[in-house]
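Side-chain atoms are counted along with the backbone in the values below, which use heavy atoms only and exclude waters and symmetry mates.
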Amino acid sequence: MKSLLTLVAPIVITACCFLSAPRQAVATPDYAKQTGYDCEKCHVDVIGGGKLTTTGEAFLADLKAKGLYRQLSTTQHVVRLIVGYLHMLAAIMWFGTILYVHLLLKPAYASKGLPRGELRLGFISMLVVLVTGILLTIARMPSFAAFTTTRFGILLGVKIVLFLIMLSSALVVAIYIGPRLRKKLKSPVAACLSKELTQEQLSNFDGAEGGPAYIAYKGMIYDISGSRLWKNGQHMMKHHAGMDLTDMLKNAPHGEDKVLSMPQVGMCVTSDRKPEKPFHERLFYFFAYMNLALVFVIIFVISLWRWW
């Protein structure tokens, strides 16, 4: 991480020098809305941009006289292009990962512990989006007042707020939720207390084809996979794994001590009751789906800015 910061720091400093000094005024639909003019009033092209009309040239000359317009040099254009490219690339990586995990793998993929590689990639992407976003905002926004007086500024402000919400939730997941999810996997006791299976789910652990073999007794679930008396999930050719043996054990020639000596792996719950998740896991799912929704909202805001 230090080597990455050492590499990025000079680029960021250089970009700040190029982007913060000049302020280029660009024509936007805001001017047309304020004056009531259409784009062709100032531009030869009816959709704006390109060669200016006489009115447009007069307006540009007025901006230059007031010091509100400075032409970017070729080097400054290149720097801004590189910063914008990195901003878009990092955003695509970040949003793409969120969409892939939520729509294809489902949040349960990460609910058992956040993979370190993906966590590292996510934070690098967010860091790049944050730094390049600040630089691009400095280059495009002439003053703080523009955040409330221009359409572009308002939409940009909304996008910044949504980004900060996503960044804050990512920090909570990394600092508070992530360690607890990993601790849950490392601690057999925690895994046992949080594992709840219904009768239907329990039937899947029948020991067939070398799979795990579980039985239920008095509401608790026991792992009998390692018992020589339960080979292939069968006991004395009469009892099968994946079942609740509470009533059957009453007629067994041995006591409950044989079952209680097996590893306890969870609880058996009725099918009309959903297994209860701990608070940090519920919070993880909340942030997961909240960020998925925010991705669509941010893309919608960008669409409003570009095409509405």
Side-chain angles (χ1 to χ4, degrees), residues 1-24 26 72-105 107 109-110 114-141 144 146-147 152-153 155-178 284 287-306:
M1 182 62 71
K2 290 184 179 180
S3 60
L4 177 63
L5 293 176
T6 304
L7 177 64
V8 172
I11 299 176
V12 172
I13 295 173
T14 303
C16 285
C17 295
F18 277 104
L19 290 176
S20 60
R23 298 291 173 84
Q24 180 186 19
V26 292
L72 291 180
S73 67
T74 302
T75 303
Q76 291 166 340
H77 270 296
V78 171
V79 172
R80 190 174 67 173
L81 175 62
I82 293 174
V83 173
Y85 174 79
L86 292 175
H87 185 76
M88 292 297 297
L89 182 62
I92 289 172
M93 292 172 58
W94 182 23
F95 286 5
T97 301
I98 292 176
L99 293 174
Y100 177 69
V101 170
H102 288 69
L103 300 182
L104 295 180
L105 299 180
Y109 163 75
L114 299 173
R116 295 187 182 274
E118 295 179 12
L119 190 62
R120 189 179 300 112
L121 176 62
F123 273 104
I124 291 176
S125 300
M126 285 185 283
L127 177 63
V128 173
V129 170
L130 176 63
V131 173
T132 56
I134 292 174
L135 296 177
L136 293 172
T137 300
I138 292 174
R140 295 296 302 272
M141 299 298 289
F144 284 106
F147 280 104
F152 173 78
L155 292 177
L156 178 60
V158 171
K159 188 161 72 79
I160 291 174
V161 171
L162 295 177
F163 167 77
L164 292 178
I165 292 175
M166 295 182 70
L167 180 62
S168 301
S169 67
L171 291 175
V172 173
V173 170
I175 297 173
Y176 172 75
I177 300 177
F284 168 80
F287 281 143
Y289 286 107
M290 179 190 74
N291 285 332
L292 176 63
L294 290 181
V295 166
F296 288 107
V297 174
I298 290 177
I299 295 175
F300 178 71
V301 170
I302 296 174
S303 300
L304 282 177
W305 168 47
R306 297 298 298 175

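Closest approach of Phe287 to Val173, counting heavy atoms only: CD1-CG2, 4.0 Å. Met290 and Ser169 make their closest contact through CE-CB, 3.8 Å (heavy atoms, listed as atom of the first residue, atom of the second, distance).
With contacts defined as side-chain heavy-atom distances shorter than 4.5 Å, the pair Val128/Met93 does not qualify. The closest side-chain heavy-atom distance from Leu127 to Phe123 is not below 4.5 Å. By the 4.5 Å heavy-atom criterion applied to side chains, Met126 and Val129 are not counted as neighbours. Residues Leu156 and Arg140 form no side-chain contact, since every pair of their non-hydrogen atoms from C-beta on lies 4.5 Å or further apart. Between Trp94 and Val295 the shortest side-chain heavy-atom distance does not fall below 4.5 Å.
Within a 6.0 Å radius of CE in Met88, other residues, nucleotides and ligands contribute 12 heavy atoms or fewer. Counting non-hydrogen atoms of neighbouring residues, nucleotides and ligands closer than 6.0 angstrom, the OH atom of Tyr176 exceeds 12 such neighbours.
From Leu99, atom CG reaches atom CD1 of Ile299 across 6.0 Å, with rounding to the nearest 0.5 Å. Here the CG-CH2 distance, from Leu155 to Trp305, works out to 9.0 Å after rounding to the nearest 0.5 Å. Atom CG of Leu130 sits about 7.5 Å away from atom CG of Leu164, to the nearest 0.5 Å. Separation of atoms CG (Leu86) and OG (Ser125) is listed at 11.5 Å; rounding is to 0.5 Å. In this structure, the separation between CD1 on Ile160 and CD1 on Ile165 is 12.5 Å, given to the nearest 0.5 Å. In this structure, Leu292 CG and Phe95 CZ are separated by 11.0 Å, a value rounded to the nearest 0.5 Å.
When each of Leu136, Ile138, Thr132 is tested with Ile134 by the rule side-chain contact (heavy atoms from CB on, under 4.5 Å), just one qualifies, namely Ile138.
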